[in-house]
Q: 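First the structure, which I've put down as structure tokens, then a few questions once you've had a look.
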Protein chains: 2
Amino acid sequence: MSRRTTTQSAPTLATVAEEAGVSRQTVSNALNSPDLLRPDTLARVQEAIDRLGYSPNRAARNLRTRASHLVGLRVDPAVEDSANSLMDRFVHALVDSTRTTGYHVLLFTADDQEDPVDGYDELLRSAAVDAFVVTDTYRGTPHSAFLAERGVPFVAFGRPWGDTTASHPWVDVDGRAGVMLAVDHLVGRGHRRVAWVGWQKNALIGEDRRSGWVDRMHEHGLSTTQLSARGEDTLEFGARAAKALLDADQAPTAFVCVSDTVAMGVLRTLHERGLRPGQDVAVVGFDDSIAAQVHTPALTSVRQPLEQVAVELVGFLGDLLAHRPIPEPGKVLTPTLSVRATS
Amino acid sequence: MSRRTTTQSAPTLATVAEEAGVSRQTVSNALNSPDLLRPDTLARVQEAIDRLGYSPNRAARNLRTRASHLVGLRVDPAVEDSANSLMDRFVHALVDSTRTTGYHVLLFTADDQEDPVDGYDELLRSAAVDAFVVTDTYRGTPHSAFLAERGVPFVAFGRPWGDTTASHPWVDVDGRAGVMLAVDHLVGRGHRRVAWVGWQKNALIGEDRRSGWVDRMHEHGLSTTQLSARGEDTLEFGARAAKALLDADQAPTAFVCVSDTVAMGVLRTLHERGLRPGQDVAVVGFDDSIAAQVHTPALTSVRQPLEQVAVELVGFLGDLLAHRPIPEPGKVLTPTLSVRATS
DNA sequence: GGGCATCATTTGATCGTTCCAGAGGGAGAC
DNA sequence: GTCTCCCTCTGGAACGATCAAATGATGCCC
């Protein structure tokens with residue numbers, strides 16, 4: 001057994017090399033390209049590594065390889081609504097997917113919340129992260145253009161709506177198809193007057209989801225006139241919209257909502273009017289938030305496959321950082337419908 | 001204007017030094033101890049930095065200073081319940097608090113979810129993080145003993161319940177006081193038979209909260225017999241417990257619950273029985289989750305000051321990493337009561 | 001047995017920063 | 001004038017890993 005020159009500090013490559021009786025580079029190869037070593041040497045090095053409890057120093061590795069093996073994710077302040085809870089589920093899924101790839105997720109916030117690109121530059125220039133995951137599932141992804149322009153490597157959760165020139169990898173969920181599932185489900189249960197409660201026209205995601213409602217209703221031979229409301233993503237708007245729709249000539253018997261938050265508003269109105277969700281009137285939300293699941297009665301909702309989104313994004317990240325060509329940089333996943341008591 | 005030797009790659013200290021006509025070390029000092037420089041030199045260096053858009057390379061700095069300026073936070077897989085949503089609010093608060101300190105939050109998951117200390121070792125040995133924030137707000141903090149034993153620097157959200165020898169910094173929320181707020185509130189509204197729906201006895205946090213109920217009820221001269229139920233943290237348990245309590249001889253007129261999840265179960269039972277929350281029977285939850293806020297009727301709930309918890313923890317982190325003495329390593333914060341429609 | 005390709009391993013340089021010791025220059029004291 | 005001190009700044013070394021190229025060992029063929 002050879003003596004360790006260092007007594008207190010953590011073992012380094014050199015320590016391991018001495019212990020195993022090989023050179024530094026051989027230890028490095030044992031870690032990074034084990035197939036270069038003769039099996040018996042590899043075993044000897046491995047043993048030394050285990051004995052010393054060695055882990056390569058990340059800072060040194062990062063410096064030499066010019067890579068940090070970190071991906072940045074900007075989390076904006078805790079607005080407590082279902083949008084954020086969706087985001088949180090996504091963060092978990094992302095951390096889970098990166099686990100096996102050797103990457104880690106670094107969270108950051110902008111100093112100036114209004115600036116969509118604040119915070120990215122500094123992290124990239126200082127080589128703190130290799131790339132970013134950008135998410136803006138509600139407004140589209142306005143960051144994208146800026147980041148692409150500056151040559152920042154990133155993958156996006158959310159498609160580049162207007163921008164046909166975008167060439168960054170992205171993954172998105174087919175909101176339109178999700179709403180179609182909801183409409184089919186409701187029509188299958190005998191509903192013919194199915195209302196839409198959505199966002200303002202400038203929200204491209206909202207319009208995409210709405211188009212699922214419009215088209216599917218027409219495919220079923222049903223009318224959509226007088227059955228649509230638009231507003232912000234708040235519980236209050238949902239409540240207001242439901243009131244207005246219920247007061248109209250031909251009140252709807254079902255509501256498809258652009259988000260769970262809005263759906264909760266609809267439920268509140270039904271409650272106030274003594275209408276029983278799932279019996280008198282059906283309601284379907286979007287996002288399958290915790291709030292939807294624990295509500296009484298539990299809310300039927302469109303569920304985004306966030307776990308799969310994360311896996312695909314991490315796959316793209318790997319390609320991007322290895323400079324592998326990405327033939328088809330966009331991927332659209334299909335959501336499912338979690339049927340519960342309100343429909 | 002001096003010529004840049006490097007054309008493509010990012011500017012380094014040497015680039016800036018050349019540009020400003022000083023040595024590398026002077027640029028380094030301009031960043032780390034500006035008071036060492038003569039004002040005009042400092043200005044010249046600053047100008048060069050701005051002109052070149054220089055940011056110090058973190059890997060190199062980390063290597064030399066043996067510090068990564070990252071704190072690790074283990075997030076376990078997305079169990080979709082209110083406990084997790086609490087955790088998410090905390091993550092946001094933590095990222096926000098670290099923002100001004102130059103620290104960033106690195107998320108990781110364990111390979112083996114059952115092992116409470118898996119994942120920590122490797123990150124620390126590889127110098128990927130300087131310290132950890134550990135959270136286990138439901139079961140107490142079993143990690144603490146292990147981590148402390150191995151000399152891992154960390155701060156905890158949650159007090160070291162049994163362990164009086166623990167010397168790591170921690171911050172916790174006074175659950176007992178929170179429940180007392182709830183009891184006072186309900187008694188003030190005329191309730192005399194206030195039930196407790198809580199966790200099993202081995203959950204120390206649950207017992208702490210419960211003690212608030214027991215003691216406060218007695219202080220008000222009210223009985224607690226036949227008014228307590230214990231079980232897991234699920235909606236189903238809450239529903240079952242409420243049924244049993246309502247079927248007893250002297251049915252309670254109010255429920256104080258150990259969590260929002262459990263409270264949602266109670267609300268479900270009330271709904272099934274046609275009892276109106278807030279009118280016939282009062283309900284108070286714990287955590288002030290989104291689900292509580294958007295429920296109809298909205299749930300009164302005890303709110304933990306997570307933002308403040310995060311600030312205190314980051315303060316402790318700073319002390320810990322600067323090796324400043326920490327005279328009083330524990331801090332207990334007081335929650336508030338968010339009064340809503342169910343009480 | 002010499003020549004030559006192949007495999008396994010080593011050696012020296014390098015990434016970009018901070019630490020450390022010391023150099024230069026001006027002010028003040030004698 | 002020169003000695004000392006202090007302030008400002010500089011140059012070399014080091015952090016711990018990987019890259020690129022050189023070296024030694026091995027086998028094969030004629």
Side-chain angles (χ1 to χ4, degrees), chain A residues 4-6 8-46 48-49 52-69 102 122 124-128 130, chain B residues 4-6 8-46 48-49 52-69 102 122 124-128 130:
Chain A
R4 302 246 312 266
T5 46
T6 52
Q8 281 289 8
S9 60
T12 72
L13 256 194
T15 325
V16 176
E18 196 190 349
E19 177 84 7
V22 295
S23 72
R24 297 191 317 277
Q25 185 59 45
T26 302
V27 179
S28 177
N29 286 337
L31 293 165
N32 301 317
S33 345
D35 50 314
L36 288 181
L37 300 203
R38 223 169 42 205
D40 61 319
T41 328
L42 180 59
R44 198 148 38 93
V45 174
Q46 274 297 356
I49 288 175
L52 296 173
Y54 166 75
S55 295
N57 181 301
R58 279 204 162 68
R61 171 178 287 182
N62 294 350
L63 174 58
R64 187 64 244 232
T65 62
R66 299 165 170 286
S68 65
H69 295 274
E122 207 282 327
L124 189 72
R125 278 202 317 241
S126 67
D130 294 342
Chain B
R4 303 243 316 260
T5 46
T6 52
Q8 282 287 9
S9 60
T12 72
L13 258 193
T15 325
V16 177
E18 196 190 349
E19 177 84 7
V22 294
S23 72
R24 297 191 316 279
Q25 186 59 44
T26 301
V27 179
S28 176
N29 286 336
L31 293 165
N32 301 317
S33 348
D35 50 313
L36 288 180
L37 301 203
R38 225 169 38 206
D40 61 319
T41 324
L42 180 59
R44 198 148 38 93
V45 174
Q46 274 297 357
I49 289 175
L52 296 172
Y54 165 76
S55 295
N57 181 300
R58 277 198 159 78
R61 170 177 287 182
N62 294 350
L63 174 58
R64 187 66 243 225
T65 61
R66 301 167 171 285
S68 66
H69 294 276
E122 207 281 327
L124 189 71
R125 278 202 316 239
S126 66
D130 294 342

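Predicted, not measured: the structure shown is a model, and the values here were computed from it. Chain letters run A, B, ... following the sequence lines, proteins first and then strands; every chain starts at 1.
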Q: Give a yes or no answer on whether the side chain of R58(A) reaches the backbone of S126(B) with a donor-acceptor pair at less than 3.5 Å.
A: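 Such a contact is absent between R58(A) side chain and S126(B) backbone.
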Q: Taking only the side-chain nitrogens and oxygens of S23(B), find out if one of them lies under 4.0 Å from OP1 or OP2 of dC9(D).
A: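 It does not, given that no N or O in the side chain of S23(B) lies less than 4.0 Å from OP1 or OP2 of dC9(D).
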Q: Round to the nearest Å and state the distance from L42(B) atom CG to dC9(D) atom C1'.
A: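 To the nearest whole Å, that distance equals 13 Å.
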Q: Does N62(B) form a side-chain contact (heavy atoms from CB on, under 4.5 Å) with N62(A)? I'd like the steps, not just the answer.
A: CA-CA 10 Å; N62(B) 294 350; N62(A) 294 350; 5.9 Å; no
Q: When you look at N32(B) and R61(B), which way does the side-chain contact (heavy atoms from CB on, under 4.5 Å) test go after all the steps?
A: CA-CA 11 Å; N32(B) 301 317; R61(B) 170 177 287 182; 3.5 Å; yes
Q: What is the distance, to the nearest angstrom, from the CG atom on L36(A) to the P atom on dA20(D)?
A: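 From L36(A) CG to dA20(D) P: 14 Å.
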Q: With heavy-atom distances below 4.5 Å as the criterion, would you say the side chains of V22(B) and T41(B) are in contact?
A: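 Yes; the side chains approach each other to less than 4.5 Å.
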Q: Would you name the heavy atoms of A17(B) and R24(B) that are closest together and state the gap between them?
A: CB-N, 3.8 Å
Q: Along nucleotides 14-21 of chain C, 5' to 3', which nucleotides get a B, which get an S, and which get a -, given that the test is a protein heavy-atom distance under 4.0 Å?
A: BBBBBBB-
